[in-house]
Amino acid sequence: MDRADRAKQFAPFDALRGLREALAEKEREHERQERALLSEERQEELSRALAALCVGDEAEALCYEDGSYIRVRGRVARIDVTFRFVQIGEGRIAFADLFGLKLVRRGQRGDQ
């Protein structure tokens, strides 16, 4: 028996193919959270935080993504009010998905 055929004998065997993936998917569904409704005060707070934010600042955002809330921290690369998103690092966050936003540190500006 050649080496390749012999190695196949000892390959792991999954008697219930796809069970692990199905269990992982069920676990993700179980952990999903409903999107919270923002109060008027919270919306005003987010509007003020967005207005104070500038490109180059370091910010931390709490946002809703794929059924859960995640924290994103990094440099603000872009703020687009027309298409309603803020880009922190490489990720774009729609204004509608923002739940919290705070300035961590002001960035360097050449006009100061």
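For reference, positions follow the sequence shown, starting with 1.
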Please assess Arg73 against Val104 for the test side-chain contact (heavy atoms from CB on, under 4.5 Å), listing each intermediate value before the final yes or no.
CA-CA 9 Å; Arg73 185 174 177 157; Val104 175; 2.8 Å; yes

Apply the side chain to side chain contact (heavy atoms under 4.5 Å, CB included) test between Glu45 and each candidate in Gln43, Arg48, Glu41; give the one that qualifies.
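Only one of Gln43, Arg48, Glu41 forms a side chain to side chain contact (heavy atoms under 4.5 Å, CB included) with Glu45, namely Arg48.
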
Passes side-chain contact (heavy atoms from CB on, under 4.5 Å), Leu98 versus Leu50? Steps please.
CA-CA 10 Å; Leu98 279 173; Leu50 276 168; 4.2 Å; yes

Suppose we call two aromatic rings close when their centres sit under 6.0 Å apart. Are Phe99 and Tyr69 close by that rule?
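Yes, they do, as the ring centres are separated by less than 6.0 Å.
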
Check whether any side-chain N or O of Arg75 sits under 3.5 Å from a backbone N or O of Gly56 as a donor-acceptor pair, and report yes or no.
yes

Checking the side chain of Asp57 only, and the main-chain atoms of Ala59 only, is there a donor and an acceptor separated by less than 3.5 Å?
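No; judged by distance alone, with no hydrogens or angles, the pair does not exist.
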
Quick one: closest heavy-atom pair of Ala77 and Gly89, and the distance?
CB-O, 4.0 Å

Where do Arg78 and Val55 come nearest, in terms of heavy atoms and distance?
CA-CG2, 4.2 Å

Report the distance from atom CG of Asp80 to atom CZ of Arg92, rounding to the nearest 0.5 Å.
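It comes to 7.5 Å.
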
Would you please test Cys54 and Arg106 for side-chain contact (heavy atoms from CB on, under 4.5 Å) and show each step?
CA-CA 8 Å; Cys54 296; Arg106 284 279 177 208; 4.0 Å; yes

Between Arg35 and Asp97, is there a salt bridge with N-O shorter than 4.0 Å?
yes

Hey, quick one: are [X] and [Y] part of the same hydrophobic cluster, counting side-chain heavy atoms closer than 4.5 Å, chains of contacts allowed?
X	Y	value
Leu101	Val72	yes
Leu62	Val76	yes
Phe95	Ile93	yes

side-chain contact (heavy atoms from CB on, under 4.5 Å) between Leu38 and Leu46: does it pass, once the steps are laid out?
CA-CA 10 Å; Leu38 294 177; Leu46 279 173; 3.7 Å; yes

